[in-house]
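In what follows, every heavy atom counts, from backbone to side chain, and hydrogens, waters and symmetry copies are set aside. Quick caveat: nothing in here was measured; it's all calculated off a predicted structure.
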Amino acid sequence: MDIKNVKGTHDIILEEAKAYDKIEMTMKSFAEAFCFSEFRTPVIEPSELFQRSVGESSDVVRKEMYTFLDKGDRLLALRPEFTAGIVRSFVNNKLYATRDLPLKAYYSGPVFRYERPQQGRYRQFHQFGVESLGVENVLNDVESLFLGYVILTALGLENVTLKINTLGDASSREAYRNALKGYFESHIKDMCDDCKVRYEVNPLRILDCKVPSDHEIVLGAPKMSDYLSSEAKAKFNKVLIALDEMNIPYEIDDTLVRGLDYYSELVFEYHYTSKKGVNYGAIGAGGHYDNLVEELDGPKMAGVGFSFGIERVYSVLKDDGLLDDIVDDIDIYVMPLSEKAKNQAFYLTSGLRTSGYKTEINLVDSKMANMFKKADRRGAKLGIIIGDDEIANGTVIVKDLAKKEQEEVAIDDLLDKVDAFFGEGQDECCCGDGECHCHDHEGE
RNA sequence: GCGAAUGUGGUGAAGUGGUUAACACACCUGGCUGUGAACCAGGCACGCGUGAGUUCGAUUCUCAUCAUUCGCCCCA
């Protein structure tokens, strides 16, 4: 086939899909425990939504958005992130007036950015995240930050580095912005083209520049911390105290600015280096925003949130061997030995399936040896063999595939036999209803 | 947007300016017509990303193009 997946997209299939499911279930269950509620917002939104929220000066909007005209000449965009859509939904549905605040939402789904694909970077990728809207207490900032930390820990990641910084409140940023403008005024002519644009739209972002010659200049720039208002300092300190109290290790990184324009006050990133020493950079990030809700025509209220890149979390977990326990094994493999036996075996298989056993049947003509091979490949624990002799006797052969022991069982006794086999030596199913026998209920 | 590497079957891959494109794994068939191993005998790329050029002749050389992967920027 010469039709291939679109550049930068990837198929999440089979065992990988199973792993993604586990990751998302873990994230969701903790979000629920923190009393966040799920929001499912559209993949397509008016392009303007992101221009106003994420910001014209951000690379995400400037050059990475998937925008297009629909048949009604509306300029739409595939969402490059979730926050804008969540806030839009919050405002459209007037939740600020009808629900208790802060309104706490979580989300999970695909997002799109037109970038050059490479390690840990896709054009369609998946994010899980949360937003608290209408926050007044910095402890709500800490709540989100802590949730992200708890999730990563629960997934088994031990050496998460939490980097935090504060961008200050409006007056702090205004003062700092002016200071930066003043500092860079004499240097800007020697700096890269990106920085020239940043100088005009958002001088703060110049600090993020990685061009070596520019970096020299950046080193001499004024520091945010010197321009923080006393209120901003106090807020940031409250966060730090809370983190200390909760024994969450962090690093203050005063070069941390974030690429989306709506952040103010607290910003943070979760970094990770795998046990093999591969630095995956930020696997999740977030922060506080004072003006976004108002910017999108809602009341003046602050929000805070973070998001994880599921692909990156997956890579990190895989690299550290934390996904090795995920298997897609089946319970029972049914092997009919004749055309006539296939029918009988099929009815029997259907019965086992409705009883909750993951049962597969071989319906292609195969030699017995091949069927055993297939049973092994699928990880089946039990084999059921049925041939013309068994049909004549009203029995089947039930074989413990690991022990290679078998016995002939009357068809009427089959389910009891199977129940007995899977009942013993295994923990009681967490569903507790005695019906479900699958082994995949971790995280439910 | 910039830079680098790679492109041979189901998979991993070797290879050469010229007759049958190694080898291994997987898979299929038969030996063995009801039991998972092993063994034996066969089968499995009319094709070496695509297009053009050089040449008597190209999978092998040149150019272009596309794709993949990786790095930079930026980001999850």
List, with names and distances, any nitrogen or oxygen atoms from the protein found under 3.5 Å away from nitrogen or oxygen atoms belonging to nucleotides 24-31 of chain B.
from  : atom 1 : to       : atom 2 : distance (Å)
B:C27 : OP1    : A:Arg377 : NH1    : 3.0

Determine the Euclidean distance between corresponding C1' atoms of B:G17 and B:G53; express it in Å to zero decimal places.
-> 15 Å
Contact class for A:Glu269 vs. all strands (heavy atom < 4.0 Å): base, sugar-phosphate, or nothing?
-> nothing
Please determine, by modelled atom types, if A:Tyr272 and A:Asp320 share a side-chain donor-acceptor pair under 3.5 angstrom.
-> yes
Taking the inter-plane angle between the rings of A:Phe308 and A:Tyr270 on a 0 to 90° scale, is it parallel (under 30°), tilted (30 to 60°) or perpendicular (over 60°)?
-> tilted
Mark yes when over 12 heavy atoms from residues, nucleotides or ligands other than A:Phe68 sit less than 6.0 Å from its CZ; otherwise mark no.
-> yes
Consider the side chain of A:Gln406, meaning its heavy atoms from C-beta on, and name the nucleotide among B:U35, B:G36, B:C74 that approaches it most closely.
-> B:U35
Just checking A:Ile283: base, sugar-phosphate only, or nothing, at a heavy-atom cut-off of under 4.0 Å?
-> sugar-phosphate
Looking at residues 388-404 of chain A, who's got a heavy atom less than 4.0 Å off RNA chain B?
-> A:Asp388, A:Asp389, A:Glu390, A:Ile397, A:Lys399, A:Asp400, A:Leu401, A:Lys404
Could you list the residues that satisfy side chain to side chain contact (heavy atoms under 4.5 Å, CB included) with A:Val364, not counting sequence neighbours?
-> A:Asn362, A:Ser366, A:Lys374
Aromatic ring proximity, centroids under 6.0 angstrom, A:Tyr107 and A:Phe39 = no
Salt bridge (Lys or Arg N to Asp or Glu O under 4.0 Å) pairs, two or more places apart, involving residues 25-43 of chain A = A:Lys28-A:Glu38, A:Glu38-A:Arg40
How far, in whole Å, is B:A4 from B:A21 if one measures between their P atoms?
-> 36 Å
Rounded off to whole Å, could you give me the CD1-to-P distance for the A:Ile310 and B:A76 pair?
-> 14 Å
Say you pick atom P in B:U8 and the same atom in B:G47; how far apart are they, in whole Å?
-> 16 Å
Which listed nucleotide (B:C74, B:G36, B:A76) is nearest to the side chain of A:Glu64?
-> B:C74
Roughly, in whole Å, what's the span from CE in A:Met368 to P in B:U35?
-> 7 Å
Residue pairs fulfilling ring pair (Phe, Tyr, Trp, His ring centres under 6.0 Å) with at least one residue in residues 187-208 of chain A, sequence neighbours excluded | A:Tyr183-A:His187
According to the 5.5 Å centroid and 30° plane-angle thresholds, does A:Phe308 stack upon the nucleobase of B:A76?
-> no
Can you name the residues that form a side chain to side chain contact (heavy atoms under 4.5 Å, CB included) with A:Val239, not counting sequence neighbours?
-> A:Val138, A:Val142, A:Leu243, A:Leu266
Kindly give the atom pairs (protein nitrogen or oxygen, nucleotide nitrogen or oxygen) under 3.5 Å for nucleotides 69-71 of chain B.
from  : atom 1 : to       : atom 2 : distance (Å)
B:C70 : OP2    : A:Gln119 : N      : 3.3
B:G71 : OP2    : A:Gln118 : OE1    : 3.4
B:G71 : OP2    : A:Gln119 : N      : 3.3

For nucleotides B:A64 and B:A76, find the distance between their P atoms and express it as a whole number of Å.
-> 37 Å
Quick one: side chain to side chain contact (heavy atoms under 4.5 Å, CB included) partners of A:Ala154, sequence neighbours excluded?
-> A:Thr26, A:Phe30
Using the P atoms only, state how far B:A38 lies from B:C72, rounded to an integer number of Å.
-> 47 Å
Can you run through RNA chain B from 5' to 3' and write each base as (, ), [, ], | or . depending on how it pairs? Watson-Crick or G-U wobble, both distances under 3.5 Å.
-> (((((((..(((.....[....))).(((((.......))))).....(((((..]....))))))))))))....
Got a sec, which pairs hit side-chain hydrogen bond (donor to acceptor under 3.5 Å, both in side chains) with one end in residues 342-351 of chain A, sequence neighbours left out?
-> A:Glu339-A:Lys342, A:Lys342-A:Asp365
Does B:G1 have OP1 or OP2 sitting under 4.0 Å from an N or O in the side chain of A:Arg62?
-> no
Does A:Glu360 come within less than 4.0 Å of A:Arg353, counting only side-chain N to carboxylate O?
-> yes
A:Ser89: side chain to side chain donor-acceptor pair (under 3.5 Å) partners, not counting sequence neighbours = A:Asn93
Rounded distance (Å) that lies between atom P of B:A76 and atom CD of A:Gln127 = 7 Å
Applied to residues 309-337 of chain A, the ring pair (Phe, Tyr, Trp, His ring centres under 6.0 Å) test, sequence neighbours excluded, yields A:Tyr20-A:Tyr314
Between A:Glu45 and A:Arg88, is there a salt bridge with N-O shorter than 4.0 Å?
-> yes
